[in-house]
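A note on names: the letters A, B, ... follow the listed sequences, proteins ahead of strands, and every chain is numbered from 1. We use all heavy atoms of the structure for the numbers below, so side chains are in, but hydrogens, waters and symmetry mates are not.
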Amino acid sequence: MVDKSRRNFIIGMAGLGALAAAGWGVAGWSLSRVSGTKVASATPAFGQGVNIIFNGHWGPENVFGNVVEKGFYDACGLVGANCKMYRPANGSSDVSEIISNLQAAINQHPDVLIATDIYTSVQPYLHQASQEGIIVILVNVDAPTQSDFEYTGAISYIGQDLVKAGYVQAQALSKYFPSGSHVVIINEGPGQVWAEQRDEGMKEFLKQYGCTWDVIESSFNLSQVASQITAYLEANPDTKAILSNGYGGAVVMDVFPKLGIQPGQIPVATFDITPQVLDAILAGYVTLTIDQQPYLQGFLPVIQGVLVKKYDFSGWNVDTGNYVITKEIAEKVEPLVKEGIFY
Amino acid sequence: MTSNKRQMYFFKIISNKEFASFFTLIVLWILFYMLNPSFLSLSNLSVLFTVIPIYGITVLGVTLLMIAGEFDLSVAATFALVPLVIQLLMSDGINAIAAIVIGLLLAALIGFLNGIITVKTGIPSFIVTLGTLFVWLGIALQISGGQPHPFILPSAATRILSGSIAFNGLINSQLIWLIIFGVLFYLILERHQWGNWIYATGGNKDAARAMGIKVDYVKIALFILCAVLAGFSGMMESALYGQAIANQGGNLELDSIAAAVIGGTSLFGGEGSVLGGIIGTIIIWSIENGLILAGVSSYVYETLIGALIIIVVMVHRYAKKISKNIRLGELNE
Amino acid sequence: MTSNKRQMYFFKIISNKEFASFFTLIVLWILFYMLNPSFLSLSNLSVLFTVIPIYGITVLGVTLLMIAGEFDLSVAATFALVPLVIQLLMSDGINAIAAIVIGLLLAALIGFLNGIITVKTGIPSFIVTLGTLFVWLGIALQISGGQPHPFILPSAATRILSGSIAFNGLINSQLIWLIIFGVLFYLILERHQWGNWIYATGGNKDAARAMGIKVDYVKIALFILCAVLAGFSGMMESALYGQAIANQGGNLELDSIAAAVIGGTSLFGGEGSVLGGIIGTIIIWSIENGLILAGVSSYVYETLIGALIIIVVMVHRYAKKISKNIRLGELNE
Amino acid sequence: MSEKTQPVVKMVNIHKWFGNLYALRGVDLEINRGEVIGLVGDNGAGKSTLMKILAGYHKPDKGEIYVEGKKVEFNSPHEAREMGIEMMYQDLSLINTMNIVRNFFLGREITGRFGFLKFNKMKEEVKKAIEDIGLKIPNLELRADELSGGQRQGLAFARSYYFKKKVLILDEPTNNLSVKETNKVLSFIRSLKELNISVIFVTHNLFHVHEAADRIVVISRGRKIGDFPKSQISVTELASLITHGS
Ligand SMILES: Nc1ncnc2c1ncn2[C@@H]1O[C@H](COP(=O)(O)OP(=O)(O)OP(=O)(O)O)[C@@H](O)[C@H]1O
Ligand SMILES: Nc1ncnc2c1ncn2[C@@H]1O[C@H](COP(=O)(O)OP(=O)(O)OP(=O)(O)O)[C@@H](O)[C@H]1O
Ligand SMILES: [Mg+2]
Ligand SMILES: [Mg+2]
């Protein structure tokens, strides 16, 4: 009796094998290429034996998260600590996944737990971790209130104050448009805390500045942002400025020429400094961007965690955000963006 | 001959309809255990079984609907909208029980609309529910303003929906609910005439109609059931984490279908089982946990998730074929 | 009697197979035009037709594959991976043309693997390509380190892939490519024996096999075609924006299926058309633009997108029914 | 061995399992040139399976097939067709979503240069073929699922008859047909003798088979239990053989 299913099973496995070989080939080859850029471990003894887990909320495709991860592992390499980064496959939209990962992290009993206070619902778990003697450091998203912060038991917060950053962005850009103007806000993360809070800050400043505004619900999909901006400017030719709460605003470099708008004619502000934002700033289409220096958000908590673990220091907060990058600064950090250190 | 008897007993297990799903799960778990023994530790299992039952309930509804030949992508929206509406009603001073009932009625309405549009217009439910997914997600965003809201039920209600019971939370209310629903739907699907109708509707709609089954009613009923279950499990998740937020459905629209299919449900209707749906859910939501514990770096694990999905389904099919052959051979004698 | 002649002419138009898709698109556009006349302005159309052709090319491949009864969710990964690999090769000093060729060969390999796994194991392609979607996405993440990379081809190549030609960019290279592929696949599908085989494979695989068609080859060929087209259009998008990044496929895995289905392709295979796929793409990607122009406020438009998807498909089906009745009636005389 | 006596097709010791279901348990079958063979047996006896093996649709798990004395191995129905074996399947093998013309020429399209279809030529041919067997189909643009049961059956018969070469297998060709068309089909079967084409005629109607066949083969539970020239067995004997299995 010849059972074809067995043959097909084997062929399928072979197909998978080919898939794996192809995948590993491509990946291995690419890894061999970048090996030169790794930070050399100078004094690997310093953080030896310290176990650190970073529970991020960024999906693997999130570039911002990737820079944080790079900073994290660079610091770990530098001090020789034992590091693992957990990231949810579905990204920040999946509360349960983030919390499950957090629980899995706590079950490992690391010395240091680095986490984001992405939702208030993670706080009980952070609380549990610090109760169990784990050093908890918050990064990127702070606890919304002081009492929340105390409840989590975290020793410090390293990152950007989101509302303040939104405010700073609008304020910095306001030099380029008169008060009382109509502006548009591109919301690239509808329903997500980081996005909504930045918007809150922007709106707060715009209110003080006497402006009117519309919010466009968008995404990180660049073509979507492009068509939305075009459509909006067509419909509202009186728009005097564009505030983007992510990096999508950079598409104006593609959109403005089509609409016959000169660089700088409508000021544009974005967040973060992707290669495109960089190009757009250098070309004058984007006026400024607010950088929160994600590399530091990965790097600093490792250093702090190891120091606190070894010497029982207290924690200290670091505001990595609010770096207003204009054309002059952009020219300086250009090579670092390509290296994945600035973003 | 005892050896023969033992062999027969062994054959009986293998030839069971649900053997393939179990086998696949066990293979996967052994793999993860070998990668990191703490995968099967009590504390990790209790982490897994806090969330999995919640999704399992949604997947049960999706599985039943898929057996009847239809999809519901809008579960991701229902999952988020129902707790938001309940929260809104409670913050308006309405009694919690009343709010929950209204929330579930809303879910039923969502399901009814999905069903009636699909059945009456003949548009594939994949598209209808893709549409309603956006419609209800938009409404969830509007009523929540895009922000997370605290979701606080009376503590008794919270405990009934999602509370630890024993073994460090491994046995919890969510799991009890899943078991209740699982047994109920198993009985309906495999032992009740309704189950017959559901399989027939998905297997061959025209033939089922010719045999006097009201296929439209069957479908609409299942759309309603699926939406109510999604709303119910959404409420459970909100109760568990004390928060309601418009995006809490995550990728449930696809994940639930993937879980059902991994558990052996056909995309084209007519095939599937309750236990398969549950095991599919366990598989899909333990892959990530297992890989994280194995210490795989985050980019690699995306790749591995993909590869594991394919391998798991392959193992499942292979086990199923063997199981079926043994079953047929037995009948043939 | 001229009035009769005119009527016949009118009937001929309506009874055309592609009338329904066109009709739906026109209804939608008239709606948007009424909401805001600048929807049909040159500058807005030129923005729409910068991106739509790129996705249109991917959707063409997906449509053909769906006609043959299979899905490819991995297009979203191929769309991102191919330009990343090309960029990587070029940064290693390999000639741009050679890099592009290698990139497209990689796409062909991806398609071939999807095909061979689907055909040989019998796992539904929905699951196989869901798996390979993650696999290749993970690899794209690994080779890019998760970072966006500047994607700079020689300027001639960039212009061929994505450059404005006339009318303020309304006519551009992307559009020309779409038209070329569209005409080519139209001829293949409707006028060539291959088209016959593709429809037959999707309509009834077993019958097609009985009639001597090598259904497995047909499927594998289409998987390869689909992946190559996805890779090609990914390359176009990267050339357009000067950047390659692992997440540039966005939600293409579902959007492309939705576009195909809106254009009249059956989820169960055997039915669909090239023009339908293109029009489906235009519809899906102009809904959002139209709603923004209409000044719809933030969260509401997610809801409206959902509602419009359903309405559009309803209009499409209705137009199709009328068109078909007229066609049959005419022939019957 | 002379041309005359060599069977056109010989199947030797054919076995087939579906998983563990043992559908054919060693069947031999010889088909001579220009001969009409009636193949009868209970439901599920294995008739269709045997014929599908001959047509290349299934591969036998054991056993050999010889065509004109040469051993062959069919990997697909396509290869069997190349050897001149044409089959009309019991399930008709029509593609519901395709129209009549496309169905008719499926896999054997009439093409011009570069493989492009010649619709007008195909339409003419289909029209002729359908009229030949007295079938009435109002228009050829109809899809297969818009035909009546008899029209589908007629179409499938017309198709296999049109493409007949050496051996024509008809798996229950008269099922849904009206009396008039059934008679036509039976007379077609007999007329193939003159063209020196062999026919295997699977049916449950013993009168039809007795009327049309030269030789009658009986299958029961995967085995051949009888092989008689028509003259040696009557309809009643045949009926009791099938029902009692011996
Ligand atoms: N694809 C298949 N998979 C599994 N079993 C099959 C398959 N095809 C046929 N069988 C089984 O093989 C046996 C023989 O079937 P077959 O179709 O050859 O019967 P038959 O003699 O043509 O009967 P009928 O007169 O009813 O058409 C039956 O028991 C049937 O259940
Ligand atoms: N679903 C359908 N769509 C369109 N036309 C159809 C459909 N079903 C049947 N027809 C057409 O209606 C007519 C009558 O078909 P019907 O099936 O009732 O014939 P019938 O008397 O049962 O014939 P037969 O003896 O061949 O089964 C035929 O011309 C057929 O083409
Ligand atoms: Mg038969
Ligand atoms: Mg009839």
Side-chain angles (χ1 to χ4, degrees), chain A residues 5 7-9 11-16 18-20 22-23 26-27 29-31 33-34 59-63 65-67 69-70 89 187 190-191 214-217 219-224 226-228 230-232 234-236 251 254-255 257-260 274-276 279 338-340 343, chain C residues 36 38-39 41 43-44 46-48 50-51 54-55 85 88 92 106 109-110 113 116-117 120-123 132 134-139 141-150 164 168-169 237 240-243 245-248 250-251 285 288-290 292-295 297-299 301-302:
Chain A
S5 74
R7 195 196 69 196
N8 288 345
F9 182 74
I11 294 177
M13 276 296 182
L16 271 180
L19 190 75
V26 175
W29 163 65
S30 72
L31 285 180
R33 286 177 66 257
V34 298
E61 288 161 58
N62 186 308
V63 182
N66 299 334
V67 179
E69 181 165 340
K70 183 169 167 58
N187 182 1
D214 278 321
V215 179
I216 300 179
E217 302 303 324
S219 71
F220 282 129
N221 188 329
L222 295 175
S223 49
Q224 185 185 352
S227 83
Q228 286 178 323
T230 315
Y232 189 85
E234 286 281 336
N236 305 277
V251 295
D254 189 56
V255 168
K258 287 218 174 83
L259 297 173
T274 64
Q276 274 163 310
D279 288 348
K338 303 228 153 95
E339 227 178 282
Y343 185 76
Chain C
N36 183 346
S38 74
F39 177 77
S41 70
S43 57
N44 190 55
S46 77
V47 166
L48 274 180
T50 306
V51 200
I54 296 182
Y55 295 129
V85 168
L88 199 68
D92 272 358
L106 173 68
L109 176 72
I110 292 176
L113 286 174
I116 200 91
I117 295 176
K120 286 299 168 193
T121 63
I123 300 175
T132 53
F134 285 116
V135 169
W136 296 112
L137 216 50
I139 288 172
L141 281 166
Q142 284 163 59
I143 69 173
S144 67
Q147 303 295 323
H149 292 266
S164 157
N168 193 22
E237 176 151 325
L240 177 65
Y241 294 126
Q243 134 175 319
I245 182 167
N247 65 11
Q248 84 175 5
N251 287 331
W285 272 278
E288 190 158 2
N289 178 282
I292 294 165
L293 279 182
S297 96
S298 36
Y299 298 133
Y301 86 50
E302 192 131 32

Enquirer: What part of C:Phe134 gets closer than 4.5 Å to chain A, counting heavy atoms only: side chain, backbone, both or neither?
Expert: neither
Enquirer: With a 4.5 angstrom heavy-atom cut-off, is it the side chain or the backbone of C:Leu141 that approaches chain A, or both, or neither?
Expert: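 Side chain of C:Leu141 only, per the 4.5 Å heavy-atom cut-off to chain A.
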Enquirer: For A:Asp214, is it the side chain, the backbone, both, or neither that has a heavy atom closer than 4.5 Å to a heavy atom of chain C?
Expert: neither
Enquirer: Can you check whether A:Gln276 reaches C:Pro148 side chain to side chain, under 4.5 Å on heavy atoms?
Expert: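 Not touching, per the 4.5 Å side-chain cut-off.
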Enquirer: At what distance, to the nearest 0.5 angstrom, does CG of A:Asp279 lie from CD of C:Gln243?
Expert: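 Between atom CG of A:Asp279 and atom CD of C:Gln243 there are 9.0 Å.
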Enquirer: Please round to the nearest 0.5 Å and tell me the distance separating atom CG of A:Leu259 and atom OG of C:Ser46.
Expert: 7.5 Å
Enquirer: Where does C:Thr50 contact chain A at under 4.5 Å (heavy atoms): side chain, backbone, both or neither?
Expert: side chain
Enquirer: Side chain, backbone, both or neither: which part of C:Ile110 has a non-hydrogen atom closer than 4.5 Å to chain A?
Expert: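 For C:Ile110, no heavy atom lies under 4.5 Å from chain A.
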Enquirer: So for C:Ile245, is it side chain, backbone, both, or neither that comes closer than 4.5 Å to the heavy atoms of chain A?
Expert: side chain
Enquirer: Which heavy atom of C:Asn36 sits nearest to which heavy atom of A:Ala235, and what is that distance?
Expert: ND2-CB, 3.4 Å
Enquirer: Applying the side chain to side chain contact (heavy atoms under 4.5 Å, CB included) criterion to A:Ser227, which one of C:Val47, C:Val51, C:Asn44 satisfies it?
Expert: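 Testing A:Ser227 for a side chain to side chain contact (heavy atoms under 4.5 Å, CB included) against C:Val47, C:Val51, C:Asn44 leaves exactly one candidate, C:Val47.
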Enquirer: Given heavy-atom pairs under 4.5 angstrom as the criterion, report whether the side chain, backbone, both or neither of A:Val67 touches chain C.
Expert: both
